[in-house]
There are 2 protein chains.
Amino acid sequence: MQNNQFKKGELYSFITGKASTAIARNLQKKFNSAGLKVTIEQWSVLYHLWKQDGMSQQELCKATFRDKPSITRLVDNLEKLQLVKRVPSGNDRRINLVYLTRQAQRLQEEAMNLAEATLNEALEGVPPDRIDVCKEVLQIVYDNLK
Amino acid sequence: MQNNQFKKGELYSFITGKASTAIARNLQKKFNSAGLKVTIEQWSVLYHLWKQDGMSQQELCKATFRDKPSITRLVDNLEKLQLVKRVPSGNDRRINLVYLTRQAQRLQEEAMNLAEATLNEALEGVPPDRIDVCKEVLQIVYDNLK
DNA sequence: TGCATATAGTTAGTTAAACAACTAACTAAA
DNA sequence: TTTAGTTAGTTGTTTAACTAACTATATGCA
C-alpha cells in the first residue's frame, strides 16, 4: 500500500472526476449550439457504431462501460430519434444488432469535429508528454479497479 | 490550437471519464459493504461539510461543482436520512446553512478511510510523480473549460 | 433427449443530473 | 420608497445510472 500518495484533502476531485464532467458538459453545449439533438451518452453509443456498425447491445455495453439496462434505454431513445435500428441476428435470436441509419451516418463528421474541438480546448497549454502520462495513469486506475 | 495531440480514436475515454466512474463505483461498493447507507453524491456533500460545517447550499454548489437544484435534492435526501439539518441564516433569510447531525459526524472517519483505501487501490503501482502530473493536467483541463 | 446453466435483452424502481421556470428575499439606484 | 436587478433556493421535466427480477434463447453435459 502506498499510503501517503494522497492527503485526505486531495481525495475529492480525483474521486468525483470534475475534469471529465467539465469535458462532457462542454461537449454537450457544443452539440446544443450546433443544433445536434443528441446527449453525450447517446453520442458515446454512436461513437462506437461509427467505428464499427452493427454491434450487438452486449458489445456496446463493454465498449461504453455501461450495463445492459442502460444500453437498452439508450438504444430505445436513439431508435426514437431514428438514428439507429435494432436488427435481430440471424445466427442467434437472442441478439439485437444495432445499425446506424443514414441520418446518423451524416452526423458523424460534425459530431467528431466538435468532440475534437472540445478536447483541444480542454488540453490547451498542456504539453503532449504530460497528456500521455495522464492517459497512462487513468488507464492504470481503470485497470486496477476493474 | 494543438491539433494533433489527440487522434480521433483516443477521444473516447478522456471524454467519458471511465477512470473516475470506476473510482466512484468502487467507493460506492465499499460503502455498501460497510453498511454505510450513503451514495457517492451524498458523500461528496458530507465531505465538504466535514471540512467546514454550516456551509450554505450555494457554497455547496461551488464546492461540489453541482447546480442548485442538484444540491437542493441532495440536501433533501440527506435530511431524510437525518445526516444534515437546514438552518435558516440569521443575517439573510434567503440562505439555508447546512449543518451535520451527530450521526453524520460519527460517519466521517469510516467514510474517509474507505475513500482513502479506494484511492490507494486505484493508484497501486503508479509512481507519485506521475500522479502529480495527472492531477495537474486534470486541474488545467478543468480550468480551461470553466 | 432433457435438464441445468449461461447469455442477451427487457422491465421496474430508486437516485441523480441538467435545464428551465419559478418564488422569496435582498440591494442599489432613481 | 419604489422599481430593477440579483441572489438563494425550490419545483417540474427529461435523460440516464444502477440494481434486481424477469423472459427468451442457446449451450453443455449426463
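Chain naming here is simple, since letters A, B, ... match the order of the sequence lines and numbering starts at 1 in each.
The CG atom of B:L46 lies 10.0 Å from the CG atom of B:D53; values are rounded to the nearest 0.5 Å. Between the CG atom of B:N144 and the CD atom of B:Q139 there is a distance of 10.0 Å, given to the nearest 0.5 Å. Rounded to the nearest 0.5 Å, atoms OG1 (B:T39) and CG (B:L74) are 6.5 Å apart.
Residue A:D92 contributes atom CG, which lies 12 Å from atom P of D:dG28 at whole-angstrom precision. In this structure, CD1 of A:I95 is placed 12 Å from P of C:dT10, rounded to the nearest angstrom. Rounded to an integer number of Å, the gap from CZ of A:R94 to C1' of C:dT5 is 11 Å. Distance CZ (B:R86) to C1' (D:dA8): 12 Å, rounded to an integer number of Å. Between the CD atom of B:Q42 and the C1' atom of C:dA16 there is a distance of 10 Å, rounded to whole Å. Distance CG (B:D76) to P (C:dA16): 10 Å, rounded to an integer number of Å. As a whole-Å value, the separation of B:I71 CD1 from C:dA16 C1' is 11 Å. Counting to the nearest Å, the C1' atom of D:dT7 and the NZ atom of B:K62 are 10 Å from each other.
A donor-acceptor pair under 3.5 Å links the side-chain atoms of B:T101 to the main chain of B:Q82, judged by distance alone. Between the side chain of B:N96 and the main chain of B:R86, no donor-acceptor pair closer than 3.5 Å is present.
Side-chain contact annotation: B:E116 with B:N120, donor-acceptor N/O pair under 3.5 Å absent.
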I'd like a list of close polar pairs between nucleotides 18-22 of chain C and the protein, N/O only, cut-off under 3.5 Å.
residue: C:dA18; atom: OP1; partner: A:R25; partner atom: NH1; Å: 3.1
residue: C:dA18; atom: N6; partner: B:R73; partner atom: NH1; Å: 3.2

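Side-chain nitrogen and oxygen atoms of A:N91 include none within less than 4.0 Å of the OP1 or OP2 phosphate oxygen of D:dT25. Between A:T72 and the phosphate of C:dT11, there is no side-chain N or O to OP1/OP2 separation shorter than 4.0 Å. Between D:dA16 and A:N77, a contact under 4.0 Å exists linking OP1 or OP2 to a side-chain N or O. The side chain of B:Q57 places no N or O atom within less than 4.0 Å of a non-bridging phosphate oxygen (OP1 or OP2) of D:dT7. Taking only side-chain nitrogens and oxygens, A:S56 never comes nearer than 4.0 Å to OP1 or OP2 of C:dA8.
The environment of B:K85 atom NZ is sparse: at most 12 non-hydrogen atoms of other residues, nucleotides or ligands sit within 6.0 angstrom.
In this structure, B:Y99 is not a member of the same hydrophobic cluster as B:I71, with clusters built from ILVMFWY side-chain heavy atoms closer than 4.5 Å. Note on B:I95: it does not cluster hydrophobically with B:M55, by side-chain heavy-atom contacts below 4.5 Å among ILVMFWY residues.
For B:E41, taking side-chain heavy atoms from C-beta onward, the closest of the listed nucleotides D:dA17, C:dG9, C:dA17 is C:dA17.
Between the side chain of A:R93 and the base of D:dT25 there is no donor-acceptor pair of N/O atoms closer than 3.5 Å.
For the helix from C:dT1-D:dA30 to C:dA30-D:dT1, the terminal axes (five pairs an end, C1' atoms, rotation from four pairs onto the next four) enclose an angle of 10°, given to 10 degrees.
At a threshold of 4.0 Å, the pair B:E121-B:K30 counts as salt-bridged, since one of the basic side-chain nitrogens sits closer than that to a carboxylate oxygen.
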